[in-house]
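First the structure, in the form of structure tokens, and then the observations on it.
Here is the naming used below: chain letters follow the sequence lines, and residue numbers restart at 1 for every chain.
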Number of protein chains: 2
Amino acid sequence: MADVSLTTRPGHHVPATRGEQTAPAAEPSWDLIELLFFAYRDFVGDPDEVLAKLGFGRAHHRVLHFVNRNPGIKVADLLDVLKITKQSLGRVLKQLIDDGYVVQREGDHDRRQRLLYVTPAGEALAMQLADLQTTRISRVLGELGPSGGEAVRRFLAGMINAEDRDRVLRMIAGADRARLRRRDGAR
Amino acid sequence: MADVSLTTRPGHHVPATRGEQTAPAAEPSWDLIELLFFAYRDFVGDPDEVLAKLGFGRAHHRVLHFVNRNPGIKVADLLDVLKITKQSLGRVLKQLIDDGYVVQREGDHDRRQRLLYVTPAGEALAMQLADLQTTRISRVLGELGPSGGEAVRRFLAGMINAEDRDRVLRMIAGADRARLRRRDGAR
DNA sequence: CGAAATATGTCAATACTGCTGACATAATGG
DNA sequence: CCATTATGTCAGCAGTATTGACATATTTCG
């Protein structure tokens, strides 16, 4: 592959000063700032193409993704995860429902709630999009080895706002466990 | 708190057991997909707040950033880097120019060109935004150690589309060299 | 020189995604 | 019964992106 010759050139952007724990002070991390921009752009680019053919955008992807990952999620919790407003969600959610990718069910105990689930078509689409992104990720992780992958996970988790970090990590772990239960558990 | 509770509902979404077992495709990298989403959201969140107070958005940030990093860049090259259209760029660029953060100069050899430069105010703003992002990055990198940082760089570079990767990496390295020349070179 | 190509700017129209504020409905819970 | 909660919806606005067409100045080339 492109043999990344970004090996922090001594004396450049990584200050020898050991105080870089918190302070930018010296030289900005230009390379990582720009790598994050380009990497994220291409990371979401693959799904974008598929979605465009269905008349959907990135917002639809996010909603579909989190509903697929958290079947039965409440609207309020989805708003909390996505950090968007009810109105923004409503528009894309309505389209996903009208097009048969998502369904709503009344809550068992609280009939005000509209619990969200993907339909078979919704799951198929969500999985297709996740597979596209997984292909890109796996190729790179394979070149890094397990310890590199672990460093990447720790880096990304650390980049999340401290207030949200634990909740996000719990959600990821929780959805994984639930998926496993659904897959090989009794149903 | 968004306690995403998932009660396995009977019979609505298809439990992907069949498909996943027959399909040789591995399980999607749910954790990295979601970590990238949350990490990037918060990574751009800090600058967003500063920009909003100036009446700017994310698009202004990207333009200002790359002009600051590549003084004298041509409009066409900026379009190429950002992968947006001339019209989209024109609007935000005009605002940055009107507000005194960017200036245009005729090309020396080709007077059709409008080479872009940041003003002192533009550089100050660009550096302020970069420092915000660098603070977030440095805190995490400090916890990872040098080898972890190198793994992160290789991961992000690998995530970029292969067609663009070399060009992007050259641009990053080139801008670093140019900045050094300007800083401690002749002047 | 004159025509074609290039670099840029601009206008009109449209789409997607986000926002605020207000209001409506239904259900829960004390 | 009443306050609160969960959700939906309407109207309007903003920011960022798109395509297509057209205009202007400049360079390049036959």
Side-chain angles (χ1 to χ4, degrees), chain A residues 37 41 44-45 47-65 67 72-99 102-116, chain B residues 1-5 37 40-41 44-45 47-65 67 72-99 102-116:
Chain A
F37 167 69
R41 183 184 64 180
V44 295
D48 279 353
E49 290 178 31
V50 175
L51 292 158
K53 291 173 186 162
L54 299 172
F56 293 150
R58 227 169 264 182
H60 301 84
H61 184 192
R62 294 197 283 264
V63 172
L64 182 66
H65 173 95
V67 172
I73 190 174
K74 290 189 298 179
V75 169
D77 287 344
L78 190 50
L79 289 175
D80 207 42
V81 166
L82 299 175
K83 290 227 180 93
I84 59 175
T85 58
K86 194 169 40 166
Q87 295 73 13
S88 297
L89 173 61
R91 209 170 14 208
V92 300
L93 184 55
K94 187 175 190 309
Q95 287 175 273
L96 287 170
I97 292 170
D98 289 348
D99 290 10
V102 171
V103 290
Q104 293 174 309
R105 297 259 300 230
E106 273 188 356
D108 289 337
H109 305 317
D110 187 337
R111 294 200 333 230
R112 292 171 302 181
Q113 296 175 347
R114 298 299 144 84
L115 307 186
L116 303 172
Chain B
M1 149 154 348
D3 178 77
V4 181
S5 61
F37 166 68
Y40 191 79
R41 184 184 63 180
V44 294
D48 279 355
E49 292 178 31
V50 175
L51 292 158
K53 291 173 187 162
L54 299 173
F56 293 150
R58 229 170 261 182
H60 302 83
H61 185 191
R62 294 197 283 265
V63 171
L64 182 66
H65 173 94
V67 172
I73 190 174
K74 290 189 299 178
V75 169
D77 287 345
L78 191 51
L79 289 175
D80 207 40
V81 166
L82 298 175
K83 290 226 180 95
I84 60 175
T85 59
K86 194 169 38 166
Q87 295 72 13
S88 297
L89 173 62
R91 203 163 359 89
V92 299
L93 184 55
K94 187 176 190 308
Q95 287 176 272
L96 287 170
I97 292 170
D98 289 348
D99 291 10
V102 171
V103 290
Q104 292 175 309
R105 283 218 291 263
E106 273 189 355
D108 288 338
H109 306 315
D110 187 338
R111 293 199 333 230
R112 293 170 304 181
Q113 296 175 347
R114 299 299 144 85
L115 307 185
L116 303 172

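In this structure, A:Thr85 does not reach the C:dG18 phosphate: none of its side-chain N or O atoms is under 4.0 Å from OP1 or OP2. Within the structure, a side-chain polar atom (N or O) of B:Arg62 is placed less than 4.0 Å from OP1 or OP2 of D:dA17. A close approach under 4.0 Å does occur between a side-chain nitrogen or oxygen of A:His60 and OP1 or OP2 of C:dT17. For C:dT17, the OP1/OP2 oxygens have no side-chain nitrogen or oxygen of A:Ser88 closer than 4.0 Å.
Counting any heavy atom pair closer than 4.0 Å across all strands shown, B:Gln104 reaches sugar-phosphate atoms only and no base atom. Counting any heavy atom pair closer than 4.0 Å across all strands shown, B:Lys74 reaches sugar-phosphate atoms only and no base atom. Residue contacts shown for B:Arg58 are limited to sugar-phosphate atoms, with no base heavy atom under 4.0 Å away. Within 4.0 Å (heavy atoms only), B:Gly57 reaches sugar-phosphate atoms of the nucleic acid but no base atom.
Note on the helix from C:dC1-D:dG30 to C:dG30-D:dC1: terminal axis deviation equals 20°, with five pairs used at each end and the result rounded to 10°.
Closest approach to the B:Ile84 side chain among C:dA7, D:dT18, C:dC19 is made by D:dT18 (side chain taken as heavy atoms from C-beta onward).
Taking atom CG of residue B:Asp48 and atom P of nucleotide C:dT17, one finds them 17 Å apart after rounding to whole Å. The distance from atom CG of B:Leu78 to atom C1' of C:dA7 is 14 Å, rounded to the nearest whole Å. Between A:Leu82 atom CG and C:dC19 atom C1' there is a gap of 15 Å when expressed in whole angstrom units. Computed from coordinates, the A:Gln95 CD to C:dA15 P distance equals 12 Å when rounded to whole Å. Distance B:Lys83 NZ to D:dT18 C1': 16 Å, rounded to the nearest Å. Counting to the nearest Å, the P atom of D:dA6 and the CG atom of A:Asp77 are 9 Å from each other.
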For this session: Between protein and nucleotides 25-30 of chain C, map the contacts as a letter string: B base, S sugar-phosphate only, - none, heavy atoms under 4.0 Å, written 5' to 3'.
Result: -BBS--
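The aromatic rings of A:His61 and A:His65 sit perpendicular, their planes meeting at an angle over 60°, well past the 30° parallel limit.
Residue B:Gln87 places a side-chain atom within donor-acceptor reach of the base of D:dG20, judged by atom type and a 3.5 Å distance cut-off alone. At a cut-off of 3.5 angstrom, the base of C:dG9 holds at least one donor-acceptor pair with the side chain of B:Lys86.
DNA chain C is contacted by both A:Leu89 and B:Val75; B:Val75 maps to the nucleotide lying nearer its 5′ end (nearest heavy atom per residue).
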